[in-house]
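Notes follow once the structure below has been shown.
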Number of protein chains: 2
Amino acid sequence: MSIRIAIVEDGHQIRKNLITRFSFFDDIEVVFDAPNGIECLESLKHIRKEELPDILLMDIEMPGLNGIETTAKVKKDYPGIDIMMQTVFEDRDNLFRSIQAGASGYLLKDDPIEKYVDALRDMKDGGAPVSPAMAQKLLDHMRHQAGEHKSGEEDFDLTSRELDILQCVVDDLTEAQIADQLYISPHTVRTHIKNVYKKLHVHSRASVVRVALTKGLIS
Amino acid sequence: MSIRIAIVEDGHQIRKNLITRFSFFDDIEVVFDAPNGIECLESLKHIRKEELPDILLMDIEMPGLNGIETTAKVKKDYPGIDIMMQTVFEDRDNLFRSIQAGASGYLLKDDPIEKYVDALRDMKDGGAPVSPAMAQKLLDHMRHQAGEHKSGEEDFDLTSRELDILQCVVDDLTEAQIADQLYISPHTVRTHIKNVYKKLHVHSRASVVRVALTKGLIS
DNA sequence: GTTCATATACCCTGTTCAGGGTATTTGAGC
DNA sequence: GCTCAAATACCCTGAACAGGGTATATGAAC
């Protein structure tokens with residue numbers, strides 16, 4: 001069963017080139033092509049359901065509705081259609097925005113047509129083909145995030161009661177409310193809070209909340 | 001210039017097979033092979049610096065020191081060596097642990113040798129070749145994270161001045177300190193803070209900090 | 001040229017907090 | 001039975017905050 005794709009790309013010549021080059025592959029069928037997001041959405045609207053493409057090959061840089069906005073709209077109305085982004089620039093921000101919008105593949109425009117075809121086949125099989133250059137950025141980003149979490153994993157050695165108090169402080173309860181909730185005297189709450197302050201090296205509720213959240217001390 | 005690799009893989013037959021199959025590619029040179037992480041580290045230690053491999057092709061599942069632990073150790077002592085993980089299972093956890101340990105490529109063992117070679121070449125060029133199936137998991141994970149952030153992306157419509165104030169409050173400055181820092185009267189600070197409270201629907205500094213951090217209003 | 005949002009400034013009042021103490025009870029570990 | 005950490009409880013004081021006002025200057029929008 002062949003792979004039905006549509007090409008969304010503002011460069012007229014590039015579009016024609018892609019169509020021509022895809023024509024040499026029996027399992028790739030170009031259902032339609034569009035010069036921008038608006039026309040793409042129009043084409044999708046006026047096509048019969050069983051004729052819908054499997055994959056949109058989407059340019060990021062387009063006048064009017066750009067590739068990311070178009071991706072978001074398409075994914076909303078046609079969640080079954082996969083989006084393969086293509087771009088000339090290895091732009092970090094666009095990469096993340098595309099992923100968030102729902103794209104699942106990422107190619108560079110100077111990739112050879114065989115890479116395109118391989119990627120389309122992989123995508124049809126449920127994979128998410130990402131060009132190595134883009135994957136590099138993805139991994140960097142994830143390593144960074146993982147690192148942040150890990151670096152913040154200091155041990156402040158709070159007792160379980162102090163963690164109760166901490167949670168209440170983050171929930172913005174007054175000392176009296178905390179006392180009610182934990183069935184202890186407000187004086188005791190005061191004492192616990194003071195001890196928490198000492199252990200976290202802070203001097204205010206605002207700082208407690210910040211430390212608790214950024215260091216992951218509470219859920 | 002050829003790509004110097006080492007194969008770390010506990011299956012003796014698989015190792016020999018890989019070596020044989022790589023031998024048909026002129027630009028791939030297998031520097032050494034090891035059946036586990038320990039021996040891999042030993043080989044690296046006793047090799048001359050200029051003979052070090054560019055890339056380690058690392059199995060995840062190995063007795064003793066597994067691929068992830070080995071990756072972490074190798075990356076620590078030889079940050080210049082890239083790690084290409086290979087696994088039979090598309091395991092989410094292992095994928096993330098590998099990334100964190102410093103691996104930059106991810107192949108499935110049933111990928112054809114040409115994919116291996118392509119991936120090695122991509123990696124040598126600075127890319128991070130990730131098999132589409134693994135990339136799928138990566139993207140899902142990132143979308144999930146992005147989604148979490150996004151779900152909290154309500155628009156509180158703070159003015160830029162109010163954002164200044166917000167930042168100061170999160171930084172735990174008193175009203176007087178904020179006034180000093182922004183060159184305005186403490187009374188004005190008070191007014192801004194009150195307006196921020198109204199817009200964020202909170203009644204205390206602790207809540208401001210929590211909302212600002214959890215809703216991503218500040219860096 | 002009036003309207004509207006924003007930023008600015010000030011007043012008053014009552015509440016809450018932060019930091020400095022001290023002291024008792026309780027349960028686990030030695 | 002002693003010790004020690006943890007949890008509990010209380011006192012005092014001054015500083016900071018929250019919420020309720022009002023008011024003016026400014027620049028953009030209509």
Side-chain angles (χ1 to χ4, degrees), chain A residues 64-65 69 152-219, chain B residues 150 152-219:
Chain A
L65 207 61
E69 294 161 338
E153 261 179 28
E154 302 162 44
D155 192 9
F156 291 97
D157 207 25
L158 296 182
T159 68
S160 71
R161 202 50 162 172
E162 284 163 351
L163 282 173
D164 292 340
I165 297 283
L166 178 65
Q167 180 68 58
C168 290
V169 169
V170 172
D171 288 342
D172 196 32
L173 304 182
T174 66
E175 289 169 6
Q177 289 172 324
I178 298 173
D180 283 349
Q181 179 156 328
L182 300 183
Y183 302 107
I184 54 178
S185 151
H187 301 289
T188 310
V189 173
R190 190 87 270 277
T191 303
H192 285 309
I193 289 182
K194 284 193 279 196
N195 291 334
V196 169
Y197 280 20
K198 275 179 192 146
K199 288 188 179 177
L200 300 194
H201 308 295
V202 298
H203 309 275
S204 73
R205 281 164 165 256
S207 293
V208 165
V209 174
R210 194 186 43 187
V211 173
L213 291 180
T214 58
K215 308 290 185 180
L217 295 179
I218 57 152
S219 57
Chain B
K150 222 203 164 182
E153 252 182 34
E154 304 160 44
D155 193 8
F156 292 98
D157 207 26
L158 295 183
T159 69
S160 71
R161 200 52 161 170
E162 285 163 352
L163 282 173
D164 292 340
I165 298 283
L166 178 66
Q167 179 67 57
C168 290
V169 169
V170 173
D171 288 341
D172 197 31
L173 303 183
T174 66
E175 290 169 5
Q177 288 172 324
I178 298 173
D180 283 349
Q181 179 154 327
L182 300 183
Y183 301 107
I184 54 180
S185 151
H187 301 288
T188 309
V189 173
R190 190 88 267 279
T191 304
H192 284 309
I193 289 181
K194 284 195 277 195
N195 292 332
V196 170
Y197 280 20
K198 277 181 191 143
K199 288 188 179 177
L200 300 194
H201 308 295
V202 299
H203 308 274
S204 73
R205 283 164 164 255
S207 292
V208 165
V209 173
R210 193 186 46 186
V211 172
L213 291 181
T214 58
K215 309 288 185 180
L217 295 178
I218 56 152
S219 57

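If you're wondering where the values come from, they're calculated on a predicted model, not measured in any experiment. Every chain is numbered from 1 and lettered A, B, ... according to where its sequence line falls, protein lines coming before strand lines.
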Closest non-hydrogen atom pair, [X] against [Y]:
X: A:I184; Y: A:V189; result: CD1-CG2, 3.7 Å
X: B:A179; Y: B:S185; result: CB-C, 3.9 Å
X: A:L173; Y: A:Q177; result: CA-OE1, 3.3 Å
X: B:R161; Y: B:L182; result: NH2-O, 3.2 Å

Figure out the [atom1]/[atom2] separation between [X] and [N], and round it to whole Å.
X: B:D180; N: D:dA16; atom1: CG; atom2: P; result: 12 Å
X: B:L163; N: C:dA5; atom1: CG; atom2: P; result: 18 Å
X: A:I165; N: D:dT8; atom1: CD1; atom2: P; result: 8 Å
X: B:L182; N: C:dT6; atom1: CG; atom2: P; result: 18 Å
X: B:H187; N: C:dA9; atom1: NE2; atom2: C1'; result: 7 Å

Rounded to the nearest 0.5 Å, what separates atom [atom1] in [X] from atom [atom2] in [Y]?
X: A:Q181; Y: A:T174; atom1: CD; atom2: OG1; value: 10.5 Å
X: A:R190; Y: A:I165; atom1: CZ; atom2: CD1; value: 10.5 Å
X: A:T188; Y: A:E175; atom1: OG1; atom2: CD; value: 11.0 Å

So which protein N/O to nucleotides 3-7 of chain D N/O distances come out below 3.5 Å?
residue : atom : partner : partner atom : Å
D:dA7   : OP1  : A:T159  : OG1          : 3.2
D:dA7   : OP1  : A:R161  : N            : 3.4
D:dA7   : OP2  : A:T159  : OG1          : 2.5

Fill in: Those residues that, when tested against B:D180, pass side chain to side chain contact (heavy atoms under 4.5 Å, CB included) (two or more places apart)
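With neighbours one apart ignored, the set is empty.
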Practice prompt. Let me have a per-nucleotide readout for nucleotides 16-30 of chain C, 5' to 3', with B, S or -, counting only protein heavy atoms under 4.0 Å.
Written response: -SBBBB---------
Worksheet item: Do A:L166 and A:L158 come within less than 4.5 Å of each other through their side chains, counting heavy atoms only?
Response: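 Yes - at least one pair of side-chain heavy atoms lies under 4.5 Å apart.
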Discussion item. Any heavy-atom pair between the side chains of B:D164 and B:Q167 that's under 4.5 Å?
Written reply: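 With C-beta onward as the side chain, the pair stays apart.
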Worksheet item: Which residue pairs pass the side-chain hydrogen bond (donor to acceptor under 3.5 Å, both in side chains) test with at least one member in residues 193-208 of chain A, sequence neighbours excluded?
Response: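 Listed by first then second residue: A:E162-A:K199, A:S204-A:S207, A:S204-B:D172, A:S207-B:D172.
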Fill in: Angle of first-five versus last-five pair axes in the helix from C:dG1-D:dC30 to C:dC30-D:dG1, to 10 degrees
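End-to-end axis angle: 50°.
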